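I have placed the structure first, in the form of structure tokens, so that the comments after it can refer back to it.
Along the sequence shown, the residues carry numbers beginning at 1. Keep in mind that what you see is a predicted model, and the values were worked out from it rather than measured. Worth knowing before you read on, the calculation uses all heavy atoms, side chains too, and leaves out hydrogens, waters and symmetry mates.
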Amino acid sequence: MDLTANLAALNEKLGVQVDATLLTQALTHRSFAYENGGIPNSERLEFLGDSVLGFVVTEHIYKLLPDLDEGELTKVKNSVVSEKALSVAAKKLGLGDYLRLGKGEERTGGRAKPSLLCDVFESVLGAVLLSAGFEAARQMVETHIFPLLSDPDALRFQSDPKTSILEMAQARSLGAVRYEVTHEGPDHDRRFFATILVGDNHSFAAEGRTKKAAETAAAEIALAELRETSK
């Protein structure tokens, strides 16, 4: 599929007509730009989209969650605009298929990298803003990001699961929270296995590429299961 057809297909998915030059720039990763003579890349549009996203989400959760204080609102916002959340939204739009990547990023699976998907969502949002105005950008956020707010409590926990599990354990008098971590494999391909122990009666296990990732994953599982038992 050529570039013109790509842009037309993406405009149809977005439900808005975005200027071809801006949309092309929004899809151009710096690796592709470098390999093609330093053409404009997505980073300035990403900066713009990030600002729009932050404002729209902040305004929405301020109205949606009137009982939360500033600290709790910040947790919810951070989870909604996180790399994890934005990469999911970008995947649903299929934005990875439209990315213009350098050869190195292409070889290493750049189209599926959460960091690149997060960035391209923001850069496309910036292009929508400049092409069609603020209300069109707001609509993109409402359509693809606001559904994540269907469970604000879960979002609040996910924003910092290791802190949240400590708070939950304290609030429910579940006992001390501690981690046990092991690993296996060579340095260049190591896997970490974390077990989180909550008091004397609860344990949850997960794995990850780093110690922190394994502990965070275990904390997320613990939060989800302990929340379920309280319903």
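Cluster membership check: Tyr179 does not share its hydrophobic cluster with Leu197, using side-chain heavy-atom separations under 4.5 Å among Ile, Leu, Val, Met, Phe, Trp and Tyr. No continuous path of ILVMFWY side-chain contacts below 4.5 Å connects Val81 to Phe47, so the two sit in separate hydrophobic clusters. Both Val57 and Leu48 belong to a common hydrophobic cluster when Ile, Leu, Val, Met, Phe, Trp and Tyr are linked at side-chain heavy-atom distances under 4.5 angstrom. Both Leu101 and Leu7 sit in one connected hydrophobic cluster of ILVMFWY residues. Membership requires side-chain heavy atoms under 4.5 Å apart, directly or through other members. Linking ILVMFWY side-chain heavy atoms closer than 4.5 Å, directly or via other members, places Phe32 and Leu23 in two distinct hydrophobic clusters.
Taking all atoms of both residues into account, the shortest heavy-atom contact from Ala33 to Ile39 is CB-O, 3.2 Å. Taking all atoms of both residues into account, the shortest heavy-atom contact from Gly199 to Arg178 is O-NH1, 3.4 Å. The two residues Gly175 and Ala169 have their closest heavy-atom pair at O-CB, 3.7 Å. The nearest pair of heavy atoms linking Leu93 to Tyr98 is O-CE1, 4.3 Å. Of all heavy-atom pairs spanning Ile61 and Leu73, the tightest one is CD1-O, 3.4 Å. The shortest non-hydrogen separation linking Ala206 to Ala218 is CB-N, 3.4 Å.
Checked by atom type and distance alone, the side chain of Gln25 never pairs as donor or acceptor with a backbone atom of Ser42 at under 3.5 Å. For the pair Thr216 (side chain) and Ala213 (backbone), a donor-acceptor distance under 3.5 Å is absent. No side-chain donor-acceptor contact under 3.5 Å links Arg100 to the backbone of Thr28. Using a distance-only test at 3.5 Å, with no hydrogens or angles considered, a donor-acceptor pair links the side chain of Arg172 to the main chain of Leu226.
Here Leu22 contributes atom CG and Leu27 contributes atom CG; the two are 11.0 Å apart, rounded to the nearest 0.5 Å. Between Thr24 atom OG1 and Asn6 atom CG the span is 9.5 Å, to the nearest 0.5 Å. Between the NZ atom in Lys77 and the CG atom in Leu68 there is a gap of 14.5 Å [rounded to 0.5 Å]. Atom-to-atom distance recorded for Glu106:CD and Leu99:CG is 9.0 Å, nearest 0.5 angstrom. With values rounded to the nearest 0.5 angstrom, Leu223 atom CG is found 12.0 Å from Lys162 atom NZ.
Look at Glu220 and Lys84 and you find a salt bridge, because one of the NZ, NE, NH1 or NH2 atoms lies within 4.0 Å of a carboxylate O, short of that distance. With salt bridges taken as basic N to acidic carboxylate O contacts below 4.0 Å, one links Lys75 and Glu167. Comment: Arg190 does not engage Glu184 in a salt bridge, judged by the lack of any side-chain N to carboxylate O separation of less than 4.0 angstrom.
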Original post:
Between Ile221 and Glu225, is a side chain to side chain contact (heavy atoms under 4.5 Å, CB included) present by the stated rule, with each step listed?
Top reply: CA-CA 6 Å; Ile221 292 170; Glu225 295 198 17; 3.6 Å; yes
**OP:** Quick one: do Glu215 and Ile196 satisfy side chain to side chain contact (heavy atoms under 4.5 Å, CB included)? Show the steps, please.
**Re:** CA-CA 7 Å; Glu215 290 180 345; Ile196 180 172; over 6 Å; no
Original post:
Can you list the steps and then say if Phe146 with Val141 is a side chain to side chain contact (heavy atoms under 4.5 Å, CB included)?
Top reply: CA-CA 7 Å; Phe146 282 9; Val141 177; 3.7 Å; yes
Subject >> Verdict with supporting geometry, Asn41 and His29, side chain to side chain contact (heavy atoms under 4.5 Å, CB included) >> reply: CA-CA 6 Å; Asn41 65 38; His29 188 259; over 6 Å; no
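The side-chain hydrogen bond (donor to acceptor under 3.5 Å, both in side chains) contacts involving residues 195-208 comprise Arg191-Glu207, where partners must be two or more places apart or lie in separate chains. Within the structure, every pair that satisfies the side-chain hydrogen bond (donor to acceptor under 3.5 Å, both in side chains) test and touches residues 49-66, not counting sequence neighbours, is listed here: Glu59-Arg138.
Under the salt bridge (charged side-chain N to carboxylate O under 4.0 Å, His left out) criterion, Glu35 pairs with no residue, sequence neighbours left out. By the salt bridge (charged side-chain N to carboxylate O under 4.0 Å, His left out) test, Glu43 pairs with Arg30, sequence neighbours left out. With sequence neighbours left out, the side-chain hydrogen bond (donor to acceptor under 3.5 Å, both in side chains) criterion links Lys212 to no other residue. Scored by the ring-ring contact (aromatic ring centres under 6.0 Å, His included) test, Phe204 finds no partners at all (sequence neighbours excluded). Scanning for side-chain hydrogen bond (donor to acceptor under 3.5 Å, both in side chains) contacts around Thr143 gives Gln139, with sequence neighbours left out. Partners of Lys13 under the salt bridge (charged side-chain N to carboxylate O under 4.0 Å, His left out) rule, at least two apart in sequence or in another chain, do not exist in this structure. Annotation: side-chain hydrogen bond (donor to acceptor under 3.5 Å, both in side chains) contacts of Glu180 (sequence neighbours excluded): none. With sequence neighbours left out, the salt bridge (charged side-chain N to carboxylate O under 4.0 Å, His left out) criterion links Lys113 to Glu105. Applying the side-chain hydrogen bond (donor to acceptor under 3.5 Å, both in side chains) test to Asp189 and every residue at least two apart in sequence or in another chain returns Arg209.
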Would you give me the side-chain donor-acceptor pairs under 3.5 Å for residues 118-130, sequence neighbours excluded?
| from | atom 1 | to | atom 2 | distance (Å) |
| --- | --- | --- | --- | --- |
| Ser123 | OG | Ala26 | O | 2.7 |
| Ser123 | OG | Asp119 | O | 3.4 |
| Ser123 | OG | Val120 | O | 3.1 |

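A heavy-atom distance below 4.5 Å is not found between the side chains of Val16 and Met140. Residues Val56 and Ile145 are not in side-chain contact: their nearest non-hydrogen atoms beyond the backbone lie 4.5 Å or more apart.
In this structure, Gln170 places its CD atom where only 12 or fewer heavy-atom neighbours from other residues, nucleotides or ligands lie under 6.0 Å away. Around the CZ atom of Phe134, the shell of radius 6.0 Å holds more than 12 heavy atoms that belong to other residues, nucleotides or ligands.
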